[in-house]
Visitor: 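My questions all concern the structure below.
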Amino acid sequence: MPTIAKFPWSRLLIIPSFYMLLLPFGDKWYGYFLFLLLAFTFWRSTSHIKHRELGIVVQHMCVMVLIVLFNPWNIWFGLYPAIVTGFLPSFTRITVYTGSMVAFYIASVWYHVEFEFGTQDLSWIPILILLIGLPYFLRNQKISNQMKSELLGANEEIARLIKIEERERIARDLHDTLGHTLSLLTLKGELVEQLIRRNPDEAIQEVRELQHISRNTLMQVRKLVSDMQSVRLSEEVV
């Protein structure tokens with residue numbers, strides 16, 4: 001699932017494009033111009049950080065003019081600047097732009113009704129409420145995605161450190177288990193080499209001790225490997 005930053009927001013322009021084809025602005029060419037300007041600034045604002053806030057202002061102005069000159073239902077075009085507002089880096093800036101949007105949109109609808117002889121219709125209010133909540137929702141989603149990414153990175157780092165610690169533990173265990181024993185076997189072997197000519201009986205006794213030490217060492221190594229391969233119930237639960 002793509003994140004907010006990587007979501008192809010420009011695809012949302014397909015819907016109003018069909019709207020323009022089905023319900024055109026007629027001979028009022030400036031309606032099409034306003035929509036194209038809105039679409040262009042929306043695309044630039046979602047794909048480029050530079051001048052993003054300027055793009056939000058231009059989009060809101062386009063929506064306001066569409067409301068005043070045509071119909072209060074055009075308030076739904078505010079979906080696009082509301083989405084871009086959700087990209088802003090702080091809730092403070094989001095609140096400033098959202099509050100301004102509410103004031104200017106309400107003023108635009110009032111102007112249309114009073115001076116353009118429009119009919120009083122409050123069905124646009126639910127759309128405005130949706131536009132108010134949308135930037136905050138998108139901002140929270142972005143924060144959530146960042147936290148998930150940071151948590152994933154932290155888990156990978158923990159796993160790496162655990163592997164390093166496990167290697168060091170294995171190295172310590174092997175050194176403690178085999179290091180002393182191999183040194184003892186070396187000394188015993190040198191002693192047997194010296195005794196085998198002068199005192200064969202004692203040499204045989206030393207060889208038997210060598211065999212005993214090697215068997216014990218083999219058992220210790222097997223136990224160490226078994227402990228590495230086994231998983232405790234508490235570890236499995238974790």
Side-chain angles (χ1 to χ4, degrees), residues 4-5 7-20 22-26 28-146:
I4 290 177
F7 185 83
W9 294 106
S10 56
R11 294 180 183 177
L12 295 179
L13 295 172
I14 296 175
I15 299 175
S17 299
F18 279 111
Y19 173 81
M20 289 181 59
L22 298 176
L23 297 174
F25 295 110
K28 298 180 179 179
W29 60 269
Y30 47 83
Y32 298 100
F33 172 78
L34 288 171
F35 169 74
L36 292 176
L37 179 60
L38 172 66
F40 175 76
T41 53
F42 173 73
W43 170 74
R44 289 286 299 180
S45 300
T46 54
S47 58
H48 299 80
I49 298 177
K50 189 177 181 180
H51 306 312
R52 175 167 287 172
E53 296 187 29
L54 177 61
I56 294 174
V57 173
V58 173
Q59 292 173 66
H60 281 316
M61 292 178 63
C62 292
V63 176
M64 290 166 56
V65 176
L66 288 172
I67 292 173
V68 171
L69 298 182
F70 294 96
N71 194 305
W73 271 99
N74 286 326
I75 195 174
W76 77 269
F77 281 112
L79 169 72
Y80 301 101
I83 290 174
V84 181
T85 302
F87 288 6
L88 296 180
S90 68
F91 283 105
T92 301
R93 304 189 74 81
I94 290 175
T95 301
V96 170
Y97 280 96
T98 302
S100 302
M101 175 194 71
V102 173
F104 287 122
Y105 283 9
I106 292 177
S108 300
V109 172
W110 177 82
Y111 185 90
H112 175 84
V113 173
E114 293 295 327
F115 296 96
E116 299 293 334
F117 307 102
T119 57
Q120 185 66 32
D121 185 7
L122 301 180
S123 57
W124 53 271
I125 293 180
I127 301 177
L128 181 61
I129 295 174
L130 174 64
L131 298 181
I132 293 172
L134 182 59
Y136 296 96
F137 171 77
L138 293 177
R139 178 60 182 167
N140 285 325
Q141 284 294 105
K142 183 177 181 180
I143 294 175
S144 176
N145 291 334
Q146 289 176 345

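Worth knowing before you read on, the calculation uses all heavy atoms, side chains too, and leaves out hydrogens, waters and symmetry mates.
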Visitor: What are the two closest heavy atoms between Leu37 and Cys62, and how far apart are they?
Guide: CD2-SG, 3.6 Å

Visitor: If you look only at pairs with a residue in residues 126-137, which of them pass as a salt bridge (charged side-chain N to carboxylate O under 4.0 Å, His left out), with sequence neighbours excluded?
Guide: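 Pairs touching residues 126-137 that pass the test: none.
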
Visitor: Provide the full list of salt bridge (charged side-chain N to carboxylate O under 4.0 Å, His left out) pairs with a residue in residues 78-106, sequence neighbours left out, each pair given once.
Guide: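 Listed by first then second residue: Glu53-Arg93.
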
Visitor: How many angstroms lie between CD1 in Ile129 and CD1 in Ile125, if you round to the nearest 0.5 Å?
Guide: 7.0 Å

Visitor: Please name the pair of heavy atoms, one in Tyr111 and one in Val68, separated by the smallest distance, quoted to 0.1 Å.
Guide: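 Taking every non-hydrogen atom into account, CD2-CG1, 3.3 Å.
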
Visitor: Main chain of Ile67, side chain of His112: is a donor-acceptor contact present, judged purely on distance under 3.5 Å?
Guide: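 A pair under 3.5 Å: yes.
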
Visitor: The criterion is side-chain contact (heavy atoms from CB on, under 4.5 Å); which residues satisfy it with Ile132, sequence neighbours excluded?
Guide: Thr98, Met101, Val102, Leu128

Visitor: Show your reasoning for whether side chain to side chain contact (heavy atoms under 4.5 Å, CB included) applies to Trp73 and Ile127.
Guide: CA-CA 9 Å; Trp73 271 99; Ile127 301 177; 3.4 Å; yes

Visitor: Please list, chain by chain and in numerical order, all residues satisfying side-chain contact (heavy atoms from CB on, under 4.5 Å) with Met64, sequence neighbours excluded.
Guide: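 Met64: side-chain contact (heavy atoms from CB on, under 4.5 Å) contacts with Phe104, Tyr105, Ser108.
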
Visitor: State whether the number of non-hydrogen atoms from other residues, nucleotides or ligands found under 6.0 Å of Phe91 atom CZ is greater than 12.
Guide: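 Yes, CZ of Phe91 has more than 12 neighbouring heavy atoms, counting only those of other groups under 6.0 Å.
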
Visitor: So, using side-chain contact (heavy atoms from CB on, under 4.5 Å) as the criterion, who are the partners of Val65 when residues are at least two apart?
Guide: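 Applying side-chain contact (heavy atoms from CB on, under 4.5 Å) to Val65 gives Leu34, Leu69.
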
Visitor: Output every pair passing salt bridge (charged side-chain N to carboxylate O under 4.0 Å, His left out) with a member in residues 58-76, not counting sequence neighbours, ordered by first then second residue.
Guide: none

Visitor: How close do Arg52 and Ser45 get, counting heavy atoms only, and between which atoms?
Guide: NE-O, 2.7 Å

Visitor: How would you list, by chain and number, every residue that makes a side chain to side chain donor-acceptor pair (under 3.5 Å) with Thr95, sequence neighbours excluded?
Guide: Tyr136

Visitor: Would you say Arg44's side chain and Ile49's backbone share a donor-acceptor pair under 3.5 angstrom?
Guide: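 Not confirmed, Arg44 side chain does not pair with Ile49 backbone.
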
Visitor: Determine, stepwise, if the pair Leu88 / Ile56 fulfils side chain to side chain contact (heavy atoms under 4.5 Å, CB included).
Guide: CA-CA 10 Å; Leu88 296 180; Ile56 294 174; 4.0 Å; yes

Visitor: Quick one: salt bridge (charged side-chain N to carboxylate O under 4.0 Å, His left out) pairs with a partner in residues 96-111, sequence neighbours left out?
Guide: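 Sorted result for residues 96-111: empty, none.
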
Visitor: Specify the closest pair of heavy atoms between Ala82 and Leu134, including all atoms of both residues, with the distance to one decimal.
Guide: CB-CD2, 4.1 Å

Visitor: So, taking the atom named CH2 in Trp76 and the one named CG in Leu66, what distance separates them when rounded to the nearest 0.5 Å?
Guide: 10.5 Å

Visitor: Output yes when a side-chain donor or acceptor of Gln141 lies under 3.5 Å from a complementary backbone atom of Phe137, and no otherwise.
Guide: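 Looks like no, no N/O pair under 3.5 Å.
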
Visitor: As an exercise, state the distance from CZ of Phe70 to CZ of Phe77, rounded to the nearest 0.5 Å.
Guide: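 Nearest 0.5 Å value for the CZ-CZ distance: 10.0 Å.
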
Visitor: For Leu130, enumerate each residue passing the side-chain contact (heavy atoms from CB on, under 4.5 Å) test, keeping only those at least two apart in sequence or located in another chain.
Guide: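 Once residues adjacent in sequence are excluded, Leu130 has no partner under the side-chain contact (heavy atoms from CB on, under 4.5 Å) criterion.
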
Visitor: Could you tell me whether a side-chain N or O of Ser100 sits under 3.5 Å from a main-chain N or O of Val96, the two making a donor and an acceptor?
Guide: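 Indeed, once roles are kept as given, a pair shorter than 3.5 Å links the two residues.
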
Visitor: How long is the straight-line distance from CG of Leu131 back to OG1 of Thr85, given to the nearest 0.5 Å?
Guide: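 Between atom OG1 of Thr85 and atom CG of Leu131 there are 9.5 Å.
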
